[in-house]
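To keep things clear, I will list the structure first and then write my remarks on it.
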Amino acid sequence: SSALRPPKRAAVIAMAPFLGGDSRVYLTHVGILNMSDDNSVILDTTIGFGFPFFFGLEAAAEFTVDYDGAAAEGKKAIDQSYNLRVGYSW
């Protein structure tokens with residue numbers, strides 16, 4: 001029988017202090033594999049540098065690569081972006 005099997009998900013998150021203080025370099029990598037279809041793999045990877053800004057705000061510069069092994073025909077399987085982000089921490 002060809003019963004549908006749920007997708008498998010794996011995640012890796014790594015951080016390291018950088019340049020002292022609360023600055024950090026980080027890597028987030030998430031992979032999803034559809035066990036029913038060998039080509040259905042999704043990978044999301046982000047590499048970034050975050051640092052405290054002021055009054056509890058923090059800023060980050062990130063590079064993100066997303067891969068979709070089952071992208072629709074005519075669409076790119078790989079998407080890349082550069083991001084500047086501002087957030088709040090408490």
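In this structure Asn83 satisfies the side-chain contact (heavy atoms from CB on, under 4.5 Å) test together with Glu62, Thr64, Ser81, sequence neighbours excluded. For the ring pair (Phe, Tyr, Trp, His ring centres under 6.0 Å) test, residues two or more places apart in sequence or in another chain that qualify with Tyr82 are Phe63. Not counting sequence neighbours, the partners of Phe51 by the ring pair (Phe, Tyr, Trp, His ring centres under 6.0 Å) test are Phe49. In this view, Ile47 and Leu27 satisfy the side-chain contact (heavy atoms from CB on, under 4.5 Å) rule, not counting sequence neighbours. Residues that satisfy the side-chain contact (heavy atoms from CB on, under 4.5 Å) test with Leu84, not counting sequence neighbours, are Ala61.
Taking CG from Asp44 and CG from Asp68, the interatomic distance works out to 9.0 Å, rounded to the nearest 0.5 Å.
When all heavy atoms of Gly50 and Tyr26 are compared, the pair lying nearest together is N-CE2, 3.8 Å.
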With a 3.5 Å cut-off and sequence neighbours excluded, list the donor-acceptor pairs that the side chains of residues 69-76 form with protein atoms.
none

